Chemist: 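Just passing along the structure, written as C-alpha cells.
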Amino acid sequence: SAASDVYKRQTGIFDVVLEQDQPGDVTLMVFDASGKLVHEQFMEGGTTKRSRFEAPAPGVYVIKAIGPDWEKTRKIIAK
C-alpha cells in the first residue's frame, strides 16, 4: 500500500510525495480535466518518491500514481 500527499509550492507548481511500505517503481501521471496527459514521470526503487510538476493552466487536474500492486488517484485545483 502507499500514501500520497500533494503540496502547492506556488501558483501552479505542486510537489507530490509518495510513501510506500515496500520499495518499488512508481509511475506518476497528471491529467487535465479533459483527460489529456500533461505530465508523466517514472520513479525507480526506494520507499519515498518525490516529484514536482507545473500545471500548464488554471483548472482541475487528476494525479494518478501506479505502483507494483496499488493505485492512488487524487484531484487538485490549480489557480
Side-chain angles (χ1 to χ4, degrees):
S1 71
S4 64
D5 287 306
V6 179
Y7 303 98
K8 183 177 177 184
R9 300 290 295 179
Q10 53 189 334
T11 302
I13 298 177
F14 296 87
D15 286 340
V16 178
V17 179
L18 298 166
E19 299 281 346
Q20 302 180 103
D21 294 337
Q22 300 292 323
D25 299 342
V26 174
T27 300
L28 179 74
M29 297 177 285
V30 181
F31 300 90
D32 67 12
S34 71
K36 178 182 173 189
L37 181 66
V38 296
H39 177 81
E40 184 173 25
Q41 183 176 356
F42 180 73
M43 299 178 280
E44 296 183 275
T47 56
T48 302
K49 311 280 193 297
R50 298 178 189 277
S51 178
R52 179 173 290 173
F53 72 92
E54 184 171 356
V60 176
Y61 293 86
V62 174
I63 300 172
K64 186 176 209 175
I66 302 172
D69 59 355
W70 56 266
E71 187 175 301
K72 296 281 185 186
T73 304
R74 294 209 37 194
K75 191 185 301 185
I76 62 166
I77 298 174
K79 296 182 179 182

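Computed from heavy atoms alone, side chains included, the values below leave out hydrogens, waters and symmetry copies. Here the structure is a predicted model, which is why all the values come from computation and not from measurement.
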Chemist: Could you see if Ile63 belongs to whatever hydrophobic cluster contains Val38? Use Ile, Leu, Val, Met, Phe, Trp, Tyr and a side-chain cutoff under 4.5 Å.
Modeler: yes
Chemist: Tell me which pairs pass salt bridge (Lys or Arg N to Asp or Glu O under 4.0 Å) where either residue lies in residues 56-68, with sequence neighbours left out.
Modeler: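 For residues 56-68, and leaving out neighbouring residues, the salt bridge (Lys or Arg N to Asp or Glu O under 4.0 Å) pairs sorted by first residue read Lys64-Glu71.
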Chemist: Can you check side-chain contact (heavy atoms from CB on, under 4.5 Å) on Arg74 and Val16, steps first, answer last?
Modeler: CA-CA 10 Å; Arg74 294 209 37 194; Val16 178; over 6 Å; no
Chemist: Looking only at heavy atoms, which two atoms of Lys79 and Thr11 are closest? And how far apart?
Modeler: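 Residues Lys79 and Thr11, closest heavy atoms: O-CG2, 3.3 Å.
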Chemist: So does Tyr61 get a backbone contact from the side chain of Asp32, meaning a donor-acceptor N/O pair under 3.5 Å?
Modeler: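 Answer holds: no.
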Chemist: Testing the basics here: between Val26 and Gly67, what is the closest heavy-atom pair and its distance to 0.1 Å?
Modeler: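 Minimum heavy-atom separation between Val26 and Gly67: CG2-CA, 4.4 Å.
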Chemist: According to salt bridge (charged side-chain N to carboxylate O under 4.0 Å, His left out), who are the partners of Asp15, at least two apart in sequence or on a separate chain?
Modeler: Arg9, Arg52
Chemist: Report the residues that fulfil side-chain contact (heavy atoms from CB on, under 4.5 Å) with Pro68, sequence neighbours left out, ordered by chain and then residue number.
Modeler: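 Partners of Pro68 by the side-chain contact (heavy atoms from CB on, under 4.5 Å) criterion, ordered by chain and then number, come out as Gln20, Trp70.
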Chemist: Say whether, by atom type as modelled, one donor and one acceptor occur between the side chain of Lys49 and the main chain of Gly24 under 3.5 angstrom.
Modeler: yes
Chemist: Determine the minimum heavy-atom distance between Thr47 and Pro23, stating which atoms define it.
Modeler: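 Where Thr47 meets Pro23 most closely, the heavy atoms are CG2-N, 3.6 Å.
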Chemist: Kindly write out the residues that satisfy salt bridge (charged side-chain N to carboxylate O under 4.0 Å, His left out) with Glu44, not counting sequence neighbours, or none if the list is empty.
Modeler: none
Chemist: Output the distance between atom CD1 (Ile66) and atom CG (Asp25), rounded to the nearest 0.5 Å.
Modeler: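 One finds 12.5 Å between CD1 of Ile66 and CG of Asp25.
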Chemist: Could I get the full list of side-chain contact (heavy atoms from CB on, under 4.5 Å) partners for Glu54, not counting sequence neighbours?
Modeler: Ile13
Chemist: With a cut-off of 6.0 Å (strictly less than), are more than 12 heavy atoms of other residues, nucleotides or ligands near CG of Leu37?
Modeler: yes
Chemist: Distance from Met43 atom CE to Leu18 atom CG, nearest 0.5 Å?
Modeler: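 So the CE of Met43 and the CG of Leu18 are separated by 5.0 Å.
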Chemist: Residues two or more places apart in sequence or in another chain: which of them pass ring pair (Phe, Tyr, Trp, His ring centres under 6.0 Å) with Phe53?
Modeler: Phe14, His39
